[in-house]
Student: 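If you scroll down you'll find the structure; I have some questions about it.
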Amino acid sequence: MAAIRIPPRLCLSSFLLQSPINFSLSHAPSLNGGPISRSMSSSSSSGATCLAPYTTLSERATFEREIKKSKFIAIASPVSDERSAMSFLSQVKDPRATHNCWAYKLGEQYRSNDDGEPSGTAGKPIYSAIVSSGLDMVMVVVIRYFGGIKLGTGGLVRAYGGVSLECLKGAPTCYVKPKVRVGIEVQFELVGTIYHQLQHFHAEEIKQDYDTGKDDTTMVSFKVDYENLSSLEDAINSSCGRKIEFFKG
């Protein structure tokens, strides 16, 4: 069972657009407005932040195949962080199955689990399929019901990797452009110039806070595509003729 490939589209889901960035300005002026066991590998990244634009799944996808009387069911889903990945696993795993193997990729962070299969024959092939697909912020769970015939190490790698890749290849995808919330403290005379640049770079949720403790300044906060942030900083500094400090998470 395989789905027709659907070209990537721009994701409109708020959790996909917002979850990669956690905005914190503790140093800046106020801006109102399942257990893991057996085989596992993970990167040294401490977070799941994915700042660059990426392609992910727009919805869950399933692919099923029988290999030498064993039934393999791959289920893939977009995930925003490790907690949502573990929640997805708990929803789809079958305690009656022989194995529930999985892997996820969250930016530079990744994990995989063989769930009782020989080390490196399930979780790693699933993760390799995710990497080969070019997708990010994705988890794949492969459920196996043993049919009585052993597949051997090579057979397991091909089985788990193969069903995972087929599942991802046939799944609908979308293109995500992460946004970051930013704040800048500026003098009143520069507000018009700032707003002109924010409109040019399609900033969203623009707000002003006059409670900065200074009579001639205001705090302007907004959200902008992360990939445009550096260019926006350069444009604002150039148009204002001075270095403007950006407070961002």
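All residue numbers refer to positions in the sequence shown, counting from 1.
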Student: Under the ring pair (Phe, Tyr, Trp, His ring centres under 6.0 Å) test, which residues partner Tyr195, sequence neighbours left out?
Tutor: none
Student: For Ser132, which residues count as a side chain to side chain donor-acceptor pair (under 3.5 Å) partner, sequence neighbours excluded?
Tutor: none
Student: Mind jotting down which residue pairs meet the salt bridge (Lys or Arg N to Asp or Glu O under 4.0 Å) criterion with at least one end in residues 150-164? Sequence neighbours excluded, please.
Tutor: none
Student: Output all residues satisfying side chain to side chain contact (heavy atoms under 4.5 Å, CB included) with Asn228, sequence neighbours left out; order by chain, then residue number.
Tutor: Phe201, Val224, Asp225
Student: If we ignore hydrogens and angles and just use 3.5 Å, is the side chain of Ser90 paired with the main-chain N or O of Ser87 as donor and acceptor?
Tutor: yes
Student: Give a yes or no on whether Asp215 atom CG has more than 12 heavy-atom contacts from other residues, nucleotides or ligands under 6.0 Å away.
Tutor: no
Student: Measuring from Lys223:NZ to Leu198:CG, what's the distance to the nearest 0.5 Å?
Tutor: 14.5 Å
Student: For Lys214, give me all partners under side chain to side chain donor-acceptor pair (under 3.5 Å), at least two apart in sequence or on another chain.
Tutor: Glu185
Student: Is there a donor-acceptor contact under 3.5 Å from the side chain of Lys105 to the main chain of Gly107?
Tutor: yes
Student: Using modelled atom types and a 3.5 Å cut-off, is there a donor and acceptor pairing between side-chain atoms of Thr56 and backbone atoms of Pro78?
Tutor: no
Student: Not counting sequence neighbours, which residues clear side chain to side chain donor-acceptor pair (under 3.5 Å) with Arg242? List them please.
Tutor: Gln187
Student: Check the orientation of Tyr210 and Phe188. Use parallel for under 30°, tilted for 30 to 60°, and perpendicular for over 60°.
Tutor: tilted
Student: Among pairs that include at least one residue of residues 69-88, which meet ring-ring contact (aromatic ring centres under 6.0 Å, His included), considering only residues two or more places apart or in two chains?
Tutor: Phe72-Tyr160
Student: Mind checking salt bridge (charged side-chain N to carboxylate O under 4.0 Å, His left out) for Arg83 and listing every partner two or more places apart, or none if nothing turns up?
Tutor: none
Student: Which other residues belong to the hydrophobic cluster containing Ile149, where Ile, Leu, Val, Met, Phe, Trp and Tyr are joined when side-chain heavy atoms lie under 4.5 Å apart, directly or via other members?
Tutor: none
Student: Using salt bridge (charged side-chain N to carboxylate O under 4.0 Å, His left out) as the criterion, list what pairs up with Asp234, not counting sequence neighbours.
Tutor: none
Student: Transitive ILVMFWY cluster of Val157 at side-chain heavy atoms under 4.5 Å: who else is in it?
Tutor: none
Student: Among Asp216, Thr217, Thr218, which one satisfies side-chain contact (heavy atoms from CB on, under 4.5 Å) with Val186?
Tutor: Thr218
Student: Checking Thr62 side chain against Ile75 main chain: does a donor-acceptor pair fall under 3.5 Å?
Tutor: no
Student: Applying side chain to side chain donor-acceptor pair (under 3.5 Å), can you list everything that pairs with Thr121, at least two apart in sequence or on another chain?
Tutor: none
Student: Is a side-chain donor or acceptor of Ser133 paired with a backbone partner of Leu168 at a separation under 3.5 angstrom?
Tutor: no
Student: Side chain to side chain donor-acceptor pair (under 3.5 Å), that's the test. Do Gln197 and Thr193 meet it? Break it down for me.
Tutor: CA-CA 7 Å; Gln197 294 298 338; Thr193 301; over 6 Å; no
Student: Applying salt bridge (charged side-chain N to carboxylate O under 4.0 Å, His left out) between Glu204 and each of Lys177, Arg181, Lys179, report the one that passes.
Tutor: Lys179
Student: Between the main-chain N or O of Ala122 and the side-chain N or O of Asp114, is there a donor-acceptor pair closer than 3.5 Å?
Tutor: yes
